[in-house]
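In what follows, a structure is listed as structure tokens, so that the remarks can point back to it.
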Amino acid sequence: MSHEQYENTLLKFFYGELSGEQEQEFRKHLDSCSVCQKELSELKLLLQTLDKAFDQPLKKEIVKRIITQAKAKTKAKISITNSIKFWLKPRWASGWAFAFLAVIAIGISVWLLFPEPTPEKYDYWLLAEDLQSLEDKFSKDSLIAYKSETNNGLLDLEPELEGFETGFESEGEDFYQLELDLYQIEIVSQGIFEI
Amino acid sequence: MKTDQELYQAWRDGDIEGFKALFERYQRRLYQVILGWSKNPSWAEELFQESWVRVIEHKDDFDPNKKFSSWLFQIALNLTRDYWRKQKRVKISDLEQSELIDAKENPEQILAEKETQKQVLNALGQLSEVEQEVFMLRHFGGMSFSEIAELLGINLNTVLSRMHQAVKHLKKIIGDIQ
């Protein structure tokens with residue numbers, strides 16, 4: 001390597017841009033080369049002078065202005081991951097605990113203020129009334145025929161309706177259930193009248 | 001320590017702390033580089049602010065696979081080149097003394113440092129623009145020679161040659177100051 005080539009190597013050496021092997025080789029050269037030693041010490045002195053001249057702090061108001069501008073232009077991206085990460089941060093722990101307790105307290109208050117309503121009871125006679133209305137739906141002739149055969153009218157349906165009757169009498173049956181059961185009765189009745 | 005890429009990504013995702021960390025990492029270097037290029041503290045402040053404004057405004061245009069520092073210095077260099085075109089060469093002697101160092105307390109020290117800074121900036125002003133670009137990016141910007149070559153679109157040997165010439169000229173000019 002000619003000495004001129006060491007000029008570039010010296011710059012790279014000063015800025016720490018030589019590979020391990022290159023650096024070792026250059027150090028060996030530096031130990032024995034007074035020209036490079038002089039160059040290197042002059043370079044260090046020059047750059048120290050420059051560093052000193054440039055050692056000037058930036059005005060605080062400039063820094064503040066830039067940060068403020070960056071804040072104004074930075075909007076959080078709404079993504080599921082980010083939202084989850086955000087809301088799971090420890091700073092929200094007390095908030096979560098408070099929200100949980102509030103939900104429990106509201107639930108208890110509602111339960112105490114508005115107890116479960118007592119369900120209406122449906123007895124057989126109510127059912128019978130309903131069944132009476134069913135008569136209108138079916139063929140009057142078939143009903144009359146059935147009544148004359150059994151001589152007891154709709155009350156003879158009782159054994160067939162036994163299963164449903166229990167359901168109507170139990171507490172907690174709601175209107176939907178009544179409707180459902182009437183529908184089933186209707187089918188049963190229909191079957192009977194078709195015989 | 002988080003990489004520039006990680007900080008940039010955090011900022012892009014809406015975390016202002018990412019920007020603050022990047023700003024903290026590069027503010028001093030960038031200001032020094034621009035000061036060396038402009039040789040005028042007032043203009044350096046203007047260009048410095050404008051560079052960061054561009055970064056903020058165009059953050060979504062930046063390719064995160066590239067180096068943030070190269071992008072930042074490229075923005076500053078483009079702005080400075082515009083400034084050079086408008087101002088031509090600014091003679092440091094034209095500057096007001098009060099524009100330079102004002103953070104020290106000792107009046108004698110202030111005067112001495114102002115004088116040194118004035119001479120150093122004047123010395124830098126005597127380099128060619130291409131020498132100034134390379135020298136400031138390497139010494140104050142902390143960019144490697146190969147990164148500078150990539151940023152300026154020239155080969156590595158040209159970068160090293162310009163750096164060598166810049167150092168040689170500065171030694172000659174500043175040698176008298178020392």
Side-chain angles (χ1 to χ4, degrees), chain A residues 3-19 22 35-36 38-86 89, chain B residues 11-16 18-20 22-24 27-28 30-33 35-36 41 44-46 48-49 51-53 55-57 59 100-103 113 116-121 123-124 135-136 138-140 142 144-146 156-157 159-161 163-164 167-168 170-171 174-175 177-178:
Chain A
H3 196 79
E4 284 71 34
Q5 284 175 290
Y6 278 114
E7 287 169 348
N8 287 346
T9 312
L10 188 134
L11 285 170
K12 284 186 172 180
F13 172 77
F14 180 80
Y15 287 110
E17 287 195 36
L18 290 179
S19 67
Q22 288 169 326
V35 180
C36 281
K38 188 171 175 277
E39 285 277 322
L40 186 62
S41 73
E42 282 175 359
L43 180 65
K44 280 180 183 171
L45 193 63
L46 168 75
L47 297 175
Q48 272 172 9
T49 309
L50 283 163
D51 288 343
K52 206 176 167 186
F54 277 77
D55 186 20
Q56 194 175 350
L58 197 62
K59 286 177 186 165
K60 282 182 184 172
E61 61 262 29
I62 295 174
V63 174
K64 201 175 168 185
R65 210 175 297 150
I66 294 167
I67 297 288
T68 306
Q69 193 151 2
K71 274 183 185 169
K73 295 275 177 182
T74 305
K75 286 176 188 167
K77 273 190 183 176
I78 301 166
S79 73
I80 294 170
T81 322
N82 283 346
S83 302
I84 292 170
K85 277 182 191 171
F86 177 80
K89 283 183 179 176
Chain B
W11 177 37
R12 199 169 172 168
D13 288 344
D15 184 0
I16 190 66
F19 174 80
K20 283 183 184 173
L22 283 170
F23 182 75
E24 186 60 38
Q27 55 140 324
R28 186 180 167 81
L30 185 69
Y31 178 67
Q32 289 178 327
V33 168
L35 178 62
E45 285 172 5
E46 287 286 323
F48 173 83
Q49 284 186 79
S51 300
W52 284 107
V53 167
V55 166
I56 293 163
E57 297 281 347
K59 79 169 191 297
L100 302 175
I101 301 167
D102 55 5
E113 287 182 358
T116 307
Q117 192 183 49
K118 196 172 141 182
Q119 287 173 322
V120 166
L121 291 176
L124 282 167
F135 179 81
M136 295 308 293
R138 174 57 271 196
H139 188 65
F140 289 107
S144 71
F145 291 118
S146 53
L156 183 59
N157 283 335
V159 172
L160 287 163
S161 164
M163 183 70 182
H164 182 68
V167 168
K168 200 173 149 186
L170 286 172
K171 267 189 202 170
I174 297 179
I177 304 168
Q178 295 165 336

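Below, chain A is the first sequence line, B the second, and so on; all start at residue 1.
- Contact of the B:L160 side chain with the A:K12 side chain is registered, since non-hydrogen atoms from C-beta on lie closer than 4.5 Å.
- No other option in B:E45, B:R138, B:Q32 has as many heavy-atom pairs under 4.5 Å with chain A as B:R138.
- Only the side chain of B:R28 comes within less than 4.5 Å of a heavy atom of chain A; its backbone N, CA, C and O stay farther away.
- Contacts of B:Y31 with chain A are made by side-chain atoms alone, with heavy-atom separations under 4.5 Å and no backbone atom involved.
- Looking at heavy atoms from C-beta onward, B:V167 lies out of side-chain contact with A:L47 at the 4.5 angstrom threshold.
- Counting only heavy atoms from C-beta outward, the side chains of B:K171 and A:E39 approach each other to under 4.5 Å.
- Both the backbone and the side chain of A:L11 come within contact range of chain B, with heavy atoms under 4.5 Å apart.
- Under the 4.5 Å side-chain criterion, counting only non-hydrogen atoms from C-beta, B:F19 is not in contact with A:K73.
- Counting heavy atoms of neighbouring residues, nucleotides and ligands inside a 6.0 Å radius, atom CD of B:E57 exceeds 12 of them.
- Neither the backbone nor the side chain of B:L30 comes within contact range of chain A; no heavy atoms are under 4.5 Å apart.
- Your options are B:F140, B:W52, B:W11, and the one with the most heavy-atom pairs under 4.5 Å with chain A is B:F140.
- Closest approach of B:I56 to A:I66, counting heavy atoms only: CD1-O, 3.8 Å.
- With a 4.5 angstrom heavy-atom cutoff, A:E17 touches chain B only via side-chain atoms.
- The shortest distance between side-chain heavy atoms of A:F54 and B:V120 falls below 4.5 Å.
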